[in-house]
Protein chains: 2
Amino acid sequence: MSPAQLRPPTMADVARQAGVSHQTVSRVLGDHPNVREETRARVLRVIEEMGYRRNSSARALATRRTRTLGVVASDTTLYGPASTLFALEEAARAEGYLVSTVSLRELTMATLSEALDHLSEGGVEGVVAIAPQRSAVDALAELRSPFPVVVVGSGQGVDIPSVSVDQRLGATLATRHLLAAGHRRVWHLAGPEDWLEAADRAAGWRATLEAADVEPPLLLRGDWSPLSGYRAGQELAGWVGRGLTAVFVANDQMALGVLRALREAGVRTPQDVAVVGFDDIPESEFFAPPLTTVRQDFSAVGKQGIALLLEMIEGRSPATPSPIAIEPQLVVRASTFPHAAQPEGVPL
Amino acid sequence: MSPAQLRPPTMADVARQAGVSHQTVSRVLGDHPNVREETRARVLRVIEEMGYRRNSSARALATRRTRTLGVVASDTTLYGPASTLFALEEAARAEGYLVSTVSLRELTMATLSEALDHLSEGGVEGVVAIAPQRSAVDALAELRSPFPVVVVGSGQGVDIPSVSVDQRLGATLATRHLLAAGHRRVWHLAGPEDWLEAADRAAGWRATLEAADVEPPLLLRGDWSPLSGYRAGQELAGWVGRGLTAVFVANDQMALGVLRALREAGVRTPQDVAVVGFDDIPESEFFAPPLTTVRQDFSAVGKQGIALLLEMIEGRSPATPSPIAIEPQLVVRASTFPHAAQPEGVPL
DNA sequence: GACGTCATTGTGAGCGCTAACAATTCATGG
DNA sequence: CCATGAATTGTTAGCGCTCACAATGACGTC
């Protein structure tokens, strides 16, 4: 180790020490061919000795590439966004990109615009927005940014490049599962109206019922929270005995509230009322009873989102046309069949 | 708007258009005094017209400041890390810094070293590591990095600058609460041995019992998951009637598993066995029964973490000496008192 | 009316790197 | 022994910005 210096060493310092030109150092670092093996080794040794690291700003300035992507998200403590965020970062890192995140409390025109500005100041080459509300997508469509933007988790039918799990299909799987189990009608506790995924799930539910010649019953709405599920559950409990035997709840957290409300009302799950959720959060398996739900592959969403964004940045033509849809998967547990699925690994 | 151009406009372009020198443009952007109001307005108008944005790389190169911080985390889908991550980003943004994240599947010497390298390539000025395991903190202590590193969520007693919730205090609150309710002994389901927070919680529990002249009973271990809680719960159920009336579980997710196991074994909570968790995840309020638990202020951890890191980067002397401890808070619900705390906003 | 003072603006030199091109070295064959 | 071309290395010019300093002009003062 050379003595501690005020300024970190530069490429020129390394070059001088190794007795070559700075360009040769650059070649070694850039893995260029046409560098003599002996020279390369000497340079690498000096780099090691001096603890030299390339200055990323200078590099970015010269190459006009920052190799940084931005992600805008909200509700990052929820399972879905958190999983997507994780997958996005992992996929980007695999491609050698750094990810800068902005987590917002709410996605409005103002906060989104500020977030894009902030990321732009940071020099990102593109942005993935985890934007599940219609208002957010609309704002994004209106906002002009100097870099490409991909939306993720917005459901289908938006005219920005996007990647999402096929929510309608998920709702269809859930609803069909209940119909196949012999339930005459399936009720639905939907998510907030503004959420595209909520709309898609409700649409899938409605379409499936109609395809089976069933009149869709009253649709309830919650705000994704267990509390709103609890309240809806209390209302649903009032319909037991009057044709209510099955509920498809738009997410697992609300389903948790529904389960509690039903339990408190003396309604048994699944004997009296079967319940299906959506998301498959890690806790679902341990609800009382364990919850049948629809699993979303957030990891796939992240990978595809980054792939799409990089295609746009590098000007390649996309491998898959946007919007890209990921298939969800039904996970059957005891909330729909009394004796189905114990927790994995637990002896019966 | 000027016609679309291949290269984004530079400061020189703006200067030419506005009939000033590039330096004056820089002054306007930097909010320097001593720019005539009229000139400032003209420059700003041209900037607006041309859609000019400062090039962050050039700026960083000239100022030797990237204004970017790094965060290394793992298990970012768990409530604690996710909340901390959110708070860190928000606090950093408030200070005008961009945050680049690396989410790891596991924190080993190798992955941590790689993560710091990756962030270093990205030019971060400092890093906050969310490192709750002893092994991770040890690795971090050994790893040399060219920028300051702050550890968060590691509990007390590490010799790296750190910020954490006072886990021992939390455990003390939980244990005292159960003792105060008349329980003779309090059992403990701890987290993984390698986790500093788990160790601190167990230590707090043990110390509180000993201070009350109670012999600490057998300590069980889980891995934070509901499943491990479920298994431990089955074991605990076997001790009911043989002196087991209260359990302090090291996190809410395991508590969920414990509750289920007890319920399945015909043990009533809280009449037969009282249960306290740790974390206060949003779902806890809706468990069966709602869970008494210890709330951690992750937001405060994030704020203090960023504050500490910035002090180190800017070479100021810290306002609060590290390690910084944040006070946790007991939240009493029905799992310890049969009639306590209904969900907020739910009429009784 | 020359001079100091202040506000305002401009000039030149880097920051540390890569890209393009120029120069050198070296082996090879006629 | 020198031409030839490939391999290797060096030189020069930016990338777009900020900093330090120089220059300009307006204004009041003695």
Side-chain angles (χ1 to χ4, degrees), chain A residues 5-44 46-47 50-68 96 120-125 146-147, chain B residues 5-44 46-47 50-68 96 120-125 146-147:
Chain A
Q5 49 223 354
L6 239 63
R7 296 241 176 294
T10 71
M11 199 171 260
D13 297 333
V14 173
R16 199 174 314 117
Q17 190 74 20
V20 295
S21 74
H22 62 141
Q23 179 61 312
T24 296
V25 177
S26 176
R27 287 197 186 95
V28 169
L29 252 24
D31 264 336
H32 274 254
N34 300 350
V35 176
R36 198 148 39 107
E37 201 40 61
E38 185 198 318
T39 314
R40 177 189 308 279
R42 180 154 35 98
V43 169
L44 284 175
V46 173
I47 286 177
M50 302 181 79
Y52 168 74
R53 321 210 56 149
R54 259 190 303 204
N55 178 312
S56 61
S57 306
R59 209 162 120 73
L61 180 57
T63 58
R64 299 152 180 268
R65 301 288 315 261
T66 59
R67 297 198 73 81
T68 300
S120 174
E121 294 278 309
V124 299
E125 295 182 28
F147 42 69
Chain B
Q5 50 225 355
L6 238 62
R7 294 242 177 292
T10 72
M11 197 171 261
D13 297 333
V14 173
R16 198 175 315 118
Q17 190 75 20
V20 297
S21 75
H22 63 143
Q23 178 61 331
T24 296
V25 178
S26 176
R27 286 200 186 92
V28 169
L29 253 23
D31 265 335
H32 274 252
N34 300 350
V35 176
R36 200 152 32 113
E37 202 40 60
E38 185 199 316
T39 315
R40 180 188 305 278
R42 179 154 36 98
V43 169
L44 284 175
V46 173
I47 285 177
M50 302 182 77
Y52 168 74
R53 322 210 56 150
R54 253 189 311 203
N55 179 312
S56 60
S57 305
R59 210 162 121 72
L61 180 58
T63 58
R64 298 154 180 268
R65 302 286 318 257
T66 59
R67 296 198 75 78
T68 300
S120 172
E121 295 279 307
V124 299
E125 294 183 28
F147 41 69

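Treat the numbers as computed from the prediction; the structure is a model and nothing was measured. Letters go in sequence order (proteins before strands), and every chain restarts at 1.
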Problem set entry | Summary of protein contacts for nucleotides 18-24 of chain C, nucleotide by nucleotide, where a base hit scores B, a sugar-phosphate-only hit scores S (4.0 Å, heavy atoms) | BBB----
For this session: For the pair Thr63(B) (side chain) and Arg59(B) (backbone), establish whether a donor and an acceptor sit closer than 3.5 Å, ignoring hydrogens and angles.
Result: yes
Problem set entry | Any side-chain heavy-atom pair of Thr10(A) and Asp13(A) under 4.5 Å | yes
For this session: Taking all heavy atoms of Asp31(A) and all of Arg40(A), pick out the closest pair and write down the distance.
Result: OD1-NH1, 4.0 Å
Problem set entry | Interatomic distance, Arg40(B) CZ vs dT8(C) C1' [rounded to whole Å] | 12 Å
For this session: Quick one: label Thr39(B) by what it contacts on the DNA or RNA (base, sugar-phosphate, nothing), any heavy atom closer than 4.0 Å.
Result: sugar-phosphate
Problem set entry | Segment of DNA chain D, first to last nucleotide, that comes within the 4.0 Å heavy-atom reach of chain A | dT8(D) to dG16(D)
Seminar exercise, completed: When rounded to whole Å, the CG to C1' distance for the pair Asp13(A) and dC15(C) reads 13 Å
Exercise. Relative to the 5' end of DNA chain C, which residue comes earlier, Leu61(B) or Glu37(B), by the nucleotide with the nearest heavy atom?
Worked result: Glu37(B)
For this session: Would you name the heavy atoms of Arg42(B) and Gly19(B) that are closest together and state the gap between them?
Result: NH1-O, 4.2 Å
Exercise. Base, sugar-phosphate, or nothing: which does Asn55(B) touch, judged by heavy atoms less than 4.0 Å apart?
Worked result: sugar-phosphate
Exercise. Are the side chain of Arg27(A) and the backbone of His32(A) linked by a donor-acceptor contact shorter than 3.5 Å?
Worked result: no
For this session: Grab the two heavy atoms, one from Leu29(B) and one from Met11(B), that are nearest each other, plus how far apart they are.
Result: CD2-CE, 4.0 Å
Seminar exercise, completed: Closest non-hydrogen contact found for Ser57(A) with Leu61(B) is CB-N, 3.8 Å
Exercise. How far apart are the closest heavy atoms of Pro9(B) and Tyr52(B), and which atoms are they?
Worked result: O-CD1, 3.2 Å
